[in-house]
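This is a predicted model, so every value here is computed, not measured. Convention: sequence-line order gives letters A, B, ...; per-chain numbering from 1.
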2 protein chains.
Amino acid sequence: MKNPSAKRSTKEPVTAQSATVTLDMVAREAGVSPATVSRIMNGTAVVSAARKEAVDAAIAKLGFVPNPVARGLAGGRTFSIGVVTQTLDSPFYGSALRGIEEKLLPLGYSPLFVSGQWNAEVEAKCMDVLRSRRVDGIIVLTGRLTDKALKNYAKTMPIVVTGRKLSAPGLAALYCDNVEGARLATQHLIGLGHRQIAFISGDPQHPDAAERFQGYRKALEEARIKFDPALVAEGGFYEASGLQAVGDLLASRKRFTAIFAANDQMAVGAALGLSRHSLRVPEDVSLIGYDDLLSSLYSNPPLSSVHQSAYELGQLAADVLLQLLSGEKPVFQVPAPRLVPRESCRRLAV
Amino acid sequence: MKNPSAKRSTKEPVTAQSATVTLDMVAREAGVSPATVSRIMNGTAVVSAARKEAVDAAIAKLGFVPNPVARGLAGGRTFSIGVVTQTLDSPFYGSALRGIEEKLLPLGYSPLFVSGQWNAEVEAKCMDVLRSRRVDGIIVLTGRLTDKALKNYAKTMPIVVTGRKLSAPGLAALYCDNVEGARLATQHLIGLGHRQIAFISGDPQHPDAAERFQGYRKALEEARIKFDPALVAEGGFYEASGLQAVGDLLASRKRFTAIFAANDQMAVGAALGLSRHSLRVPEDVSLIGYDDLLSSLYSNPPLSSVHQSAYELGQLAADVLLQLLSGEKPVFQVPAPRLVPRESCRRLAV
DNA sequence: TTGTACGCGTTATCAC
DNA sequence: GTGATAACGCGTACAA
């Protein structure tokens, strides 16, 4: 009886609104119709100030939180956004997920993360799950789906995809310029006097891999350095493959003074491989990666890399999807890749 | 006309069931009532073989996929599981998320990941979001919520929490023995002849940090080595803090021959710090971490660590929650931490 | 065994 | 402006 307005709370647990309070209850409490409550919650129509006040009070008092599930059924939108990533434990995509979550949550949207495992079939299943969950839109981080499939999905709901050049109604593609990034990295090595530059490629199935290879060749060409196929080793974007690739390179007895690995994870593997052969970075071999993972800053020596912020990319993707959702024609600009020179590269001694 | 049974597919897009197919439609197609279809989908009751066949055929033909949203509203369960992690881009928790997803997806459950940012308030909000989304249960990865709060939540729905000792109805706690793990690490160094062993602690707010510190002291005690507070530096579980801590340690001019960092990320930072001071690992200083991140295998030199598989932990958490959901009393066993000696530690020269 | 009818919590479409 | 009323897609008592 301490507080007359709180008589309902007597038997309720410490944390309020534990028993589900519905929109109907709010309506009754405020003495209006459910429709009016809904209108106020969504700003769908103008309501008299008096009623609005009463409803707001009732909402506060009861601690009403609308049920997204029911909202989904009734309104056709679930306020949830599907996000197809490839693995949940990737240092690169992890940041993207964080960026996405940060943008979405404050706006009442929940991201629904699923991972495609770099496998087109699994990815297709992911899309199905998301569709069955009635997400309002989907963000696809790169992935292996065909452009055509993606366009098809876009007919049903807004889609944002990263790492591609693509355009279709209801579809926005956030292309990251891998060619340019790789060119930058290679050019950096060339600028330091290197001429024999090995390249550890990524998984050949991966679109990024091909582009980064292109960038490598482009830089060589610009510097009039003849491309030598013996200097490229195939990797798979993971640490182990970088280690392996260095082994292959060394075994071929082809001379090189620098290595450009198509991502940081492989570069780290490569660094270990070099050290296994008593080769020091950067004294004996300069090394540069791609992605600028947080951990690269702390590798030994700190790894030079190409920065393409996954975090910002994630934020941007979320933003663009939100624009798409609100029916706007999305305008956006993917930040350009940026060279981050650190201690793993050094000028070639003459 | 190639396939007579596919005549409907003429005007449909390549990927079937793009237009939403409802249970009602299946019922009509099969010439039965919606209830019967529902019964067959859920195995709720026995139905005649004839009808079952007809319904199965209709389902296949139409490509019917039940709508989880509607299911949630009607049946009270959403087949989605909330997962509270701390950050989406943590190498350690990332593996746990992967383990959870792998267990849940095949059973028709979708994990709903939200991140608490190591902040009790944010985490509480996460719980609210999950509750409002009507998840069937929640997995909390460590986190900062009080045990009491957790028990309270458990009254509403099944909860599995990792990294705690705790017991309550509807609540299962997967405790990881950090004390033992840290003891193992320290003991390993002692066994190699080290007596001056520095300790880089984790974020003091973090429960794991305190326990690992305990384990460190316990091992010293067992070996009758006097604990020296001057040998412990405070870190924060991130690379940067490891770097910083080594600086502090070195600045104190206190002699030490080995370092135990309370996690691998700090150990990597520490390694860089040592190298900045021209100290080699393991020739001058032995170094061991905790968590056994995948990347630790490829750090230079490969980092000794304590293995506590986040991946398995995630799988286990999902399993246990599933048990809870099915009303069973969960039985489980958290795998014990395991020492993983690698090249970053060496026997102290006499 | 099978079908009917209602409820889940909300939004949208009407009339008023 | 505001309030009934009908969906939304499915589960489930209840009746048959």
Between [atom2] of [N] and [atom1] of [X], the distance in whole Å:
X: Arg77(B); N: dC8(C); atom1: CZ; atom2: P; answer: 19 Å
X: Leu23(B); N: dA7(D); atom1: CG; atom2: C1'; answer: 17 Å
X: Leu73(B); N: dG11(D); atom1: CG; atom2: P; answer: 12 Å
X: Met41(B); N: dT12(D); atom1: CE; atom2: C1'; answer: 16 Å
X: Asp24(A); N: dC8(C); atom1: CG; atom2: C1'; answer: 11 Å
X: Arg28(B); N: dT4(C); atom1: CZ; atom2: P; answer: 13 Å
X: Phe79(B); N: dG9(D); atom1: CZ; atom2: P; answer: 18 Å
X: Ile40(A); N: dT11(C); atom1: CD1; atom2: C1'; answer: 15 Å

When you measure from the side-chain N and O atoms of [X] to the phosphate of [N], is any distance below 4.0 Å, counting only OP1 and OP2?
X: Ser48(A); N: dT2(D); value: yes
X: Arg134(B); N: dG9(C); value: no
X: Thr36(B); N: dG3(C); value: yes
X: Arg51(B); N: dT1(C); value: no
X: Arg71(B); N: dC10(D); value: no

Is it true that Lys52(A) and Asp56(A) make a salt bridge, defined as a side-chain N closer than 4.0 Å to a carboxylate O?
yes
Charged N-O contact under 4.0 Å between Glu121(A) and Lys125(A):
no
Using a cut-off of 4.0 Å on non-hydrogen atoms, how would the nucleic acid contact of Thr22(A) be classed: base, sugar-phosphate, or nothing?
sugar-phosphate
Give Pro34(B) one of three labels, base, sugar-phosphate or nothing, depending on what nucleic acid heavy atoms sit under 4.0 Å from its own.
nothing
Give every residue pair that meets the salt bridge (charged side-chain N to carboxylate O under 4.0 Å, His left out) criterion with at least one member in residues 314-323 of chain B, sequence neighbours excluded.
Lys103(B)-Asp319(B)
What are the two closest non-hydrogen atoms of Met41(B) and Phe64(B), and how far apart are they?
SD-CE2, 3.8 Å
In terms of the nearest nucleotide of DNA chain C, which residue is placed more toward the 5' end: Gly75(B) or Ala45(B)?
Ala45(B)
For Gln333(A), look at atom CD and say whether over 12 heavy atoms of other residues, nucleotides or ligands are found less than 6.0 Å away.
no
Shortest side-chain distance from [X], nucleotide among [options]:
X: Ser33(A); options: dG9(D), dA4(D), dT11(C); value: dA4(D)
X: Asn67(A); options: dC8(D), dT10(C), dT12(D); value: dT10(C)
X: Ala35(A); options: dT11(C), dT12(D), dG3(D); value: dG3(D)
X: Arg39(A); options: dT2(D), dT11(C), dG3(C); value: dT2(D)

Does NZ or CZ of Arg71(A) come closer than 6.0 Å to the centre of the six-membered ring of Phe79(A), within 45° of the ring's axis?
yes
May I ask you to establish whether Arg98(B) and Tyr311(B) are in a cation-pi arrangement, using a distance under 6.0 Å from NZ or CZ to the six-membered ring centre and at most 45° from the ring axis?
yes
Does any part of the side chain of Gln117(A), heavy atoms only, come nearer than 4.5 Å to the side chain of Thr87(A), both counted from C-beta?
yes
How sharply is the helix from dT1(C)-dA16(D) to dC16(C)-dG1(D) bent, taking the axes over five pairs at either end and rounding to 10 degrees?
40°
